[in-house]
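A short worksheet on the structure shown next.
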Protein chains: 2
Amino acid sequence: MGRWEPGGSSRLREAALELFLEQGFDETTAGEIAQRVGLSERTFFRHFGDKKEVLFGGSEEFQREMIAAVADAPVGPSPLGVVASGLAKAARFFPDEARDYSRKRWRILGENPALQERELLKMAAIASGIGAVLRDRGVPEPAATLAAESGITVFRLAFERWLAPDEHRPLAEIERAMFVELGAVVAGS
Amino acid sequence: MGRWEPGGSSRLREAALELFLEQGFDETTAGEIAQRVGLSERTFFRHFGDKKEVLFGGSEEFQREMIAAVADAPVGPSPLGVVASGLAKAARFFPDEARDYSRKRWRILGENPALQERELLKMAAIASGIGAVLRDRGVPEPAATLAAESGITVFRLAFERWLAPDEHRPLAEIERAMFVELGAVVAGS
DNA sequence: GTCTATAGTGCGATAGAC
DNA sequence: GTCTATCGCACTATAGAC
């Protein structure tokens with residue numbers, strides 16, 4: 001038992017989500033979030049490099065997981081197949097229980113271009129990491145980067161679909177369907 | 001002859017590029033850029049919504065052009081083919097003479113994640129616009145979005161390749177090769 | 001934890017162009 | 001008279017330096 005309540009980061013993240021939903025991202029100051037959990041603004045910025053980052057907690061872990069899943073995927077004939085099997089494994093990061101939280105977060109992101117920018121950068125970083133893994137596995141360029149980027153595109157669209165109000169299938173299943181669709185779209189040209 | 005030199009925006013853009021190359025993006029203040037062309041900091045922010053935006057001049061026009069090129073593409077059997085022919089047309093925005101400027105700009109972007117975020121958002125906006133155009137042309141979902149996103153991925157990778165020091169082919173030619181590679185990567189799965 | 005520079009906004013005033 | 005570009009000032013929040 002220390003001098004502070006434990007879990008400063010996660011308490012800040014929760015408070016931030018609430019406040020952003022209530023009053024909007026721009027209308028909420030970092031100091032306000034910190035105050036709500038009894039911390040100082042200075043402490044907020046020690047936990048998060050900038051205000052946006054409070055909405056991206058756990059994203060480094062997800063990123064590592066996603067890249068590791070591709071690295072550990074069984075040897076396959078096609079690089080995109082390798083990416084697909086990695087993505088399927090990483091889908092466990094988003095079980096049904098996470099849908100509600102993800103939808104709230106998505107609503108906030110949808111209203112703020114600066115947050116969308118950050119989300120895109122995170123995705124781009126994952127794509128870049130997957131590309132590197134594929135090259136390590138002997139896939140030449142530009143196939144490695146194309147497979148990585150296409151895989152992330154499939155993931156993004158599947159994820160958005162997963163969040164839709166009328167959607168109930170698990171993420172991995174939507175991913176599979178989306179990969180099939182990609183095959184059809186590209187084959188048709 | 002007015003009270004002011006004409007072309008405030010473009011003079012600010014040029015000065016910004018110089019200063020960013022000399023001292024870096026973070027080390028250059030908006031006031032400094034404005035001062036160099038005889039304007040005030042306040043005026044800088046009336047031309048550009050934020051500091052990053054000074055590096056994205058003409059991007060709205062490029063965006064419109066890209067989307068219009070897809071909208072005006074001849075009727076084709078496949079949505080990705082339509083996107084490809086649109087992209088080929090829009091490649092004229094980047095003639096050989098623009099390579100030098102583009103490389104300078106790319107070097108600045110490469111050193112700053114915040115600028116990469118903005119670049120990704122601009123690309124995402126174009127993809128979204130192309131997706132809408134495809135839906136207007138009768139392409140169902142998720143094929144429309146997949147074709148749009150895949151097309152933008154091809155454009156991005158082709159553009160990066162176009163900027164490589166050892167690369168001399170025109171952008172349109174690299175795009176074509178990249179579309180072929182995408183076909184191979186996806187077909188192989 | 002305090003102190004400070006920079007980013008970015010709001011508003012009023014001014015100077016020309018049409 | 002109206003429209004547009006500019007300046008100047010006051011102000012807040014972010015973010016980094018000390």
Side-chain angles (χ1 to χ4, degrees), chain A residues 2-5 8-9 11-13 15-57 59-60 108-109 111-119 121-122, chain B residues 1-60 108-109 111-119 121-122:
Chain A
R3 182 161 153 216
W4 312 283
E5 294 296 318
S9 287
R11 283 184 302 130
L12 282 167
R13 275 196 290 269
L17 192 77
E18 283 172 23
L19 285 165
F20 292 161
L21 282 171
E22 288 167 19
Q23 3 173 349
F25 179 82
D26 285 333
E27 291 69 32
T28 304
T29 71
E32 210 173 343
I33 299 165
Q35 199 176 15
R36 180 171 281 212
V37 297
L39 296 173
S40 71
E41 178 186 304
R42 185 67 186 80
T43 304
F44 178 95
F45 283 110
R46 276 199 301 106
H47 281 285
F48 308 102
D50 66 29
K51 200 175 103 178
K52 296 167 210 154
E53 206 56 28
V54 75
L55 276 168
F56 292 84
S59 96
E60 314 73 23
I108 299 170
L109 260 65
E111 282 166 0
N112 199 305
L115 295 171
Q116 293 158 29
E117 289 183 343
R118 180 60 50 89
E119 178 86 351
L121 187 67
K122 301 279 183 187
Chain B
M1 262 316 88
R3 174 171 161 219
W4 312 284
E5 295 297 316
S9 288
S10 49
R11 282 184 303 131
L12 283 167
R13 275 195 290 269
E14 285 162 27
L17 191 77
E18 284 172 22
L19 286 165
F20 293 161
L21 282 171
E22 287 167 19
Q23 359 172 343
F25 179 81
D26 285 334
E27 291 68 33
T28 304
T29 71
E32 210 173 342
I33 299 164
Q35 200 175 16
R36 182 171 282 212
V37 298
L39 295 172
S40 71
E41 178 185 307
R42 192 67 189 81
T43 302
F44 177 96
F45 284 110
R46 204 166 292 90
H47 281 283
F48 308 103
D50 65 30
K51 202 175 100 177
K52 296 167 210 153
E53 205 58 27
V54 74
L55 276 168
F56 292 83
S59 97
E60 314 74 24
I108 299 170
L109 261 64
E111 283 165 2
N112 199 303
L115 295 171
Q116 293 158 29
E117 288 183 344
R118 179 60 52 87
E119 178 85 351
L121 187 68
K122 300 280 181 184

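- You'll find a donor-acceptor pair under 3.5 Å spanning the side chain of Arg42(B) and the base of dG10(C), going by distance alone.
- Between Gln35(A) atom CD and dG1(C) atom P the separation is 14 Å, expressed in whole Å.
- Arg118(B) places none of its side-chain heavy atoms less than 4.5 Å from the side chain of Leu55(B).
- Leu12(A) and Ile33(A) get closest at one heavy-atom pair: O-CG2, 3.6 Å.
- In this structure, Phe45(B) places its CZ atom 8 Å from C1' of dT6(C), rounding to the nearest Å.
- The nearest whole Å value for the distance from the NE2 atom in His47(B) to the P atom in dA5(D) is 7 Å.
- Protein atom CZ of Arg46(A) is 10 Å distant from nucleotide atom C1' of dG1(C), rounded to whole Å.
- Within 4.0 Å of Gly49(B), counting heavy atoms only, lie sugar-phosphate atoms of the nucleic acid but no base atom.
- When side chains are defined from C-beta on, Arg11(A) does not count as touching Arg36(A), because their heavy atoms never get closer than 4.5 Å.
- A salt bridge does not link Glu41(B) with Lys51(B): every distance from a Lys NZ or Arg NE/NH1/NH2 to an Asp or Glu carboxylate oxygen is 4.0 Å or more.
- Contact of the Asn112(A) side chain with the Phe20(A) side chain is not registered, since no non-hydrogen atoms from C-beta on lie closer than 4.5 Å.
- Taking every side-chain heavy atom of Lys51(A) into account, dA15(D) is the closest of dG8(C), dA7(C), dA15(D).
- In this structure, the side chains of Arg13(A) and Leu17(A) stay at 4.5 Å or more apart for every pair of heavy atoms.
- Glu41(A) has its CD atom 12 Å from the P atom of dG16(D), to the nearest Å.
- In this structure, Phe44(A) places its CZ atom 19 Å from C1' of dT2(C), rounding to the nearest Å.
- Taking the C1' atoms of five terminal pairs at each end of the helix from dG1(C)-dC18(D) to dC18(C)-dG1(D), the two resulting helix axes are inclined by 10°, rounded to 10°.
- Of the charged side-chain nitrogens involved, none lies within less than 4.0 Å of a carboxylate oxygen, so that Lys52(A) and Glu119(A) do not count as a salt-bridged pair.
- Following rounding to the nearest Å, Asp26(B) (CG) and dA5(C) (P) show an atom-to-atom distance of 17 Å.
- Atom C1' of nucleotide dT6(C) and atom CZ of Phe48(B) are separated by 18 Å, given to the nearest angstrom.
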